[in-house]
Amino acid sequence: MSDDTEVHLEARLAEQDEFEPPESFVEQANVTDPGIEDEFEDNWPEAWERAADLLDWETDYDEVLVDDNEPFYEWFVGGELNASANCLDRHLDDRGDEPAIEWIGELGETRTYTYEELHREVNEFAAALRDQGVTEDDVVAMYMPMIPELPIAMLACARIGAPHAVVFAGFSADALAERMNASDSEHLVTVDGYYRRGDPLDHLSKAREGREQVDGDVTTVVVDRLGEESPADVAGGEHVYGDLVEEHAGATVEPVTRDAEDMLFLMYTSGTTGKPKGVKHTTGGYLSYVTWTSHAVLDVKPEDTYWCSADIGWITGHSYIVYGPLALGTTSVMYEGTPDYPDKDRLWEIVDDYDVTQLYTAPTAIRAFMKWGPEYPDRHDLSSLRLLGTVGEPINPRAWKWYYRHIGNEECPIVDTWWQTETGGMMITTLPALNTMKPGSAGPPLPGISADVIDPSGDPVEAGRAGHLVVNKPWPGMLRTLYKNDERFINEYWDEYSNPERDQWVYFPEDGAKIDDDGYITVLGRVDDVLNVSGHRLGTMEIESATVGVEGVAEAAVVGGDHEIKGEAVYAYVITEDGQEESEAFREEIIAAVEDAIGPIARPEQVIFTPELPKTRSGKIMRRLLEDIANGDELGNTSTLRNPDVVHDIQQKVSSE
Ligand code: PRX
């Protein structure tokens, strides 16, 4: 392409703010009926049967929704099913020899599991878990990176009715222990280590350190990923995954019949307080919802090679690498490594090699690709792609357009999907064959989802104004409660805007948003003390408590500052105790403490020593001001501060870093 044409194209895209679904996509899409919106509206909640109908039920449900104990809604009540049977057994006749998982390792090694093979290994591991004493309703913790044994262990648990609680491998030993204790988990599946940028990384020592802090005995299964290169050997009392599977070779385990409302898994996520929230998802509602949204939004078909590049340790991987795609019998790609190893074209090489049809990734990744330049995707044939998706954080129009043009060749619709750990699956997004796309705006709520943007008194805001995002009606994939904490569940999500007098329960996701005249919602970011770093959700309170735990720290405040690639970065403002030197070594000590308590993802971008924190007269830290300082923005009103002079001092420190 000549430079002139290139410039012309860029200019045209820069001006365009609405994009229609590409014709070639519409012709083959799963959902093309424009009446679907009305159908959900006119026939709510029964219209949700179309999600449940995508699954095989052992016993039909009697009622779609039971709402006589709000907000403890129940979906597909009376129905019985098994998630592992839905993801595996029912595909064996038609798709047994087709790949279920295409795994690509960090070192370039690959493994393909057909549905038949995946079914076999899930059965064998389910039998092994039973042998270890895991029974129905026991919570099994998993602390593993992106290796096939993770989805295998999840499906094995689902098969025997034992909920899993997966802890992201990048989290620290302390974080693992906290989640295992909170979920009463006495079983752990982990790995000896994994590779990062070609080097073996010890994981087992971290897992052991976490396990030691768990109350009671823990049975441990260790996957041998590194073989000879493993820095830690499996010790007495720990079981090797490979041995267990071999011992149970050929075993079959009948899928346990689960009630629709039985727990499928727990997923811990960050909230306003220092304690992570144990989000509970169920078998019938969750599985129906992620299967339906994979079908309707990601346009997944069995013959596709679909790739979600998230980590299974987060909700995106649960819903859209494992449960949704496998329930639909498609091929799900799993990549262990990073996008720039061995080179910055790694993702595009995989798309090319595997003829990937859909790519679902995070805006952070897209911003990095943009920075690296189009020469990397240009090295490869990406014409197999049919749809692109993003999730986890707002995507700015420039990044959206770059993705649309350089990855999708202007032939793939983009779905910008807003949702959360708590919602189980996508909530606000365009339907790829039906809705106009507006870069920067996620889109309308999905059919059947009722969302709005409201002001502090609970009234809808005018178009274009910012307010709080709320969801007005329940949906099948919603969390049912926070594990063993119904009270916190109500306080965190329902209390703020619900009005029992009007008999209306309103879910508050703690996001700010605006809405336009067409009902398109632009999500602006969290309104609570939660940060979104590279699409990863982190609680400022958790980081603060790790910081103040360091000897020599008197007080700390943690806020998010804008970051070109990561979206947000962690800024820690620290007051040292008298006599504590404000040295580089002490700064490193604080950073190490945060990494120990949470993990490297929470690593502060800057640690700023300050003699005071800006506080209101009532003693509340003005975080907004600290954010403005981190961003180098003009400061708002500082007249309500008890100590206005400190602001200038801190500003100078940040700008000189
Ligand atoms: O602030 C929103 C942001 O991510 C939060 C949810 O984080 P988590 O529970 O970890 O789940 C992430 C993957 C679903 C939301 O409260 N968020 C997620 N998707 C978007 C988004 N913000 C803007 N646009 C999105 N598409």
Item to complete: Scan residues 148-157 for pairs that pass side chain to side chain donor-acceptor pair (under 3.5 Å), counting only residues two or more places apart or in two chains.
Response: Arg111-Glu149

Worksheet item: So do Asp137 and Met263 actually touch side chain to side chain, heavy atoms under 4.5 Å?
Response: no

Worksheet entry | Beyond-backbone contact of Trp75 with Val64, side-chain heavy atoms, under 4.5 angstrom | yes

Fill in: Qualifying residues under side-chain contact (heavy atoms from CB on, under 4.5 Å), relative to Asp262, sequence neighbours excluded
Arg258, Asp259, Thr283

Discussion item. Can you tell me how the ring of Phe168 sits relative to the ring of Trp314, calling it parallel under 30°, perpendicular over 60° and tilted otherwise?
Written reply: tilted

Practice prompt. Show your working on side chain to side chain contact (heavy atoms under 4.5 Å, CB included) between Glu74 and Glu63 and close with a plain yes or no.
Written response: CA-CA 9 Å; Glu74 296 181 311; Glu63 267 185 279; over 6 Å; no

Worksheet entry | Whether Phe489 and Trp494 hold their rings parallel, tilted or perpendicular, with breakpoints at 30° and 60° | perpendicular

Worksheet item: Who passes side-chain contact (heavy atoms from CB on, under 4.5 Å) against Thr220, sequence neighbours left out?
Response: Leu188, Thr190, Arg211, Val218, Val222, Glu238

Item to complete: Step through the shown structure and confirm whether more than 12 heavy atoms of other residues, nucleotides or ligands are within 6.0 Å of NZ on Lys275.
Response: no

Practice prompt. Could you tell me whether the side chain of Met142 reaches within less than 4.5 Å of the side chain of Ile312, counting heavy atoms only?
Written response: no

Fill in: Qualifying residues under salt bridge (charged side-chain N to carboxylate O under 4.0 Å, His left out), relative to Arg488, sequence neighbours excluded
Glu492

Item to complete: Keeping the roles fixed (side chain from Asn30, backbone from Ala296), state whether a donor-acceptor pair exists under 3.5 Å.
Response: no

Practice prompt. Please determine, by modelled atom types, if His468 and Tyr497 share a side-chain donor-acceptor pair under 3.5 angstrom.
Written response: yes

Can you give me every donor-acceptor pair (side chain of residues 425-436, partner residue at least two apart or in another chain, under 3.5 Å) with its distance?
residue : atom : partner : partner atom : Å
Asn435  : OD1  : Leu431  : N            : 2.7
Thr436  : OG1  : Glu20   : OE1          : 3.2
Thr436  : OG1  : Glu20   : OE2          : 3.0

Discussion item. Any side-chain to backbone donor/acceptor pair from Trp505 onto Phe72? Under 3.5 Å, distance only.
Written reply: no

Item to complete: Would you check if there is a donor-acceptor pair between the side chains of Trp418 and Asp511 at a distance under 3.5 Å?
Response: yes

Discussion item. Go through it in stages, so that I can follow the logic: the residues are His164 and His318, the test is ring pair (Phe, Tyr, Trp, His ring centres under 6.0 Å), and I'd like the CA-CA distance, side-chain angles, deciding distance and then a yes or no.
Written reply: CA-CA 11 Å; His164 49 77; His318 277 52; 5.4 Å; yes

Practice prompt. Answer yes or no: are there more than 12 heavy-atom neighbours, outside Asp97 itself, under 6.0 Å from its atom CG?
Written response: no

Worksheet item: Under 4.0 Å between a Lys/Arg side-chain N and an Asp/Glu carboxylate O for Glu422 and Arg537?
Response: yes

Worksheet item: Is any side-chain heavy atom of Pro163 less than 4.5 Å from a side-chain heavy atom of Cys157?
Response: no

Discussion item. With ring pair (Phe, Tyr, Trp, His ring centres under 6.0 Å) as the criterion, how do Tyr289 and Trp419 come out once you've worked through the C-alpha distance, each side chain's angles and the decisive distance to 0.1 Å?
Written reply: CA-CA 12 Å; Tyr289 197 69; Trp419 59 290; 8.9 Å; no

Discussion item. Do Thr219 and His187 make a side-chain contact, defined as non-hydrogen atoms from C-beta onward lying under 4.5 Å apart?
Written reply: yes

Worksheet entry | Backbone N/O of Leu385 and side chain of Thr357: donor-acceptor pair under 3.5 Å | no

Side-chain polar contacts of residues 77-89 - donor-acceptor pairs under 3.5 angstrom, sequence neighbours left out - could you list them?
residue : atom : partner : partner atom : Å
Glu80   : OE1  : Thr59   : OG1          : 2.6
Asn82   : OD1  : Ser84   : N            : 2.7
Asn82   : OD1  : Ala85   : N            : 3.0
Asn82   : ND2  : Ala158  : O            : 3.1
Asn82   : ND2  : Arg159  : O            : 3.3
Asn82   : ND2  : Val256  : O            : 2.8
Ser84   : OG   : Arg159  : NH1          : 2.7
Asn86   : OD1  : Asp56   : N            : 2.7
Asn86   : OD1  : Arg90   : NE           : 3.4
Asn86   : ND2  : Asp56   : O            : 3.1
Asn86   : ND2  : Asn82   : O            : 3.0
Asp89   : OD1  : Arg159  : NH1          : 2.9
Asp89   : OD2  : His119  : NE2          : 3.2
Asp89   : OD2  : Arg159  : NH2          : 2.8

Worksheet entry | Side chain to side chain, Ile160 and Phe125, heavy atoms closer than 4.5 Å | no

Fill in: Donor on one side chain, acceptor on other, Tyr354 and Ser384, under 3.5 Å
no

Practice prompt. With sequence neighbours excluded, tell me which residues meet side chain to side chain donor-acceptor pair (under 3.5 Å) with His239.
Written response: none

Practice prompt. Report the residues that fulfil side chain to side chain donor-acceptor pair (under 3.5 Å) with Thr135, sequence neighbours left out, ordered by chain and then residue number.
Written response: Asp138

Item to complete: Please identify each residue that fulfils side chain to side chain donor-acceptor pair (under 3.5 Å) with Asp528, with sequence neighbours left out.
Response: Arg526

Discussion item. Could you tell me if the side chain of Tyr143 sits less than 4.5 Å from the side chain of Met180, heavy atoms only?
Written reply: no

Worksheet item: For Gly329, does its backbone N or O pair with a side-chain atom of Arg95 as donor and acceptor, under 3.5 Å?
Response: yes

Worksheet item: With a 3.5 Å cut-off and no angle check, do the side chains of Thr481 and Asp486 form a donor-acceptor pair?
Response: yes

Worksheet item: Among all residues two or more places apart in sequence or in another chain, which pass the side-chain contact (heavy atoms from CB on, under 4.5 Å) test with Asp495?
Response: Ile490, Asn491

Item to complete: Using side-chain contact (heavy atoms from CB on, under 4.5 Å) as the criterion, list what pairs up with Asp184, not counting sequence neighbours.
Response: Tyr483, Lys484

Discussion item. Taking Phe25's backbone N and O only, do any of them form a donor-acceptor pair with Gln28's side chain (distance below 3.5 Å, no angle check)?
Written reply: yes

Worksheet entry | Donor-acceptor side-chain pairing of Tyr268 and Thr421 below 3.5 angstrom | no

Worksheet item: What do you reckon, is CG of Asp62 surrounded by more than 12 foreign heavy atoms closer than 6.0 Å?
Response: yes

Worksheet item: Taking the side chain from Thr330 and the backbone from Lys301, do they hold a donor-acceptor pair closer than 3.5 Å?
Response: yes

Worksheet item: Can the ring centroids of Trp475 and Tyr507 be said to lie less than 6.0 angstrom from one another?
Response: yes

Worksheet item: Does Asp452 use its side chain to pair, donor to acceptor, with the backbone of Ile454 at less than 3.5 Å?
Response: no

Worksheet entry | Closest approach of Thr291 to Ala327 (non-hydrogen atoms, all atoms of both residues) | OG1-CB, 3.4 Å

Item to complete: Quick one: which residue pairs count as a side chain to side chain donor-acceptor pair (under 3.5 Å) with a foot in residues 43-54, not counting sequence neighbours?
Response: Glu39-Arg50

Item to complete: Look at the aromatic rings of Tyr323 and Tyr286 and report parallel, tilted or perpendicular, splitting at 30° and 60°.
Response: perpendicular

Discussion item. When you compare the side chain of Trp307 with that of Leu347, does any pair of heavy atoms fall below 4.5 Å?
Written reply: yes

Worksheet item: Is the backbone of Thr331 close enough, under 3.5 Å, to the side chain of Glu102 for a donor and an acceptor to pair up by distance?
Response: no

Item to complete: Output yes when a side-chain donor or acceptor of Gln420 lies under 3.5 Å from a complementary backbone atom of Pro509, and no otherwise.
Response: yes

Discussion item. Test your reading of the model: is there a side-chain donor-acceptor pair from Asn532 to the backbone of Gly392, 3.5 Å cut-off?
Written reply: yes

Practice prompt. Kindly compute the distance separating OG1 (Thr305) from CG (Leu359), expressed to the nearest 0.5 Å.
Written response: 12.5 Å

Worksheet item: Will you find, in the side chains of Tyr360 and Thr417, an N or O donor that is under 3.5 Å from an N or O acceptor?
Response: yes

Worksheet item: Is the number of heavy atoms from other residues, nucleotides or ligands under 6.0 Å of Glu246 CD greater than 12?
Response: no

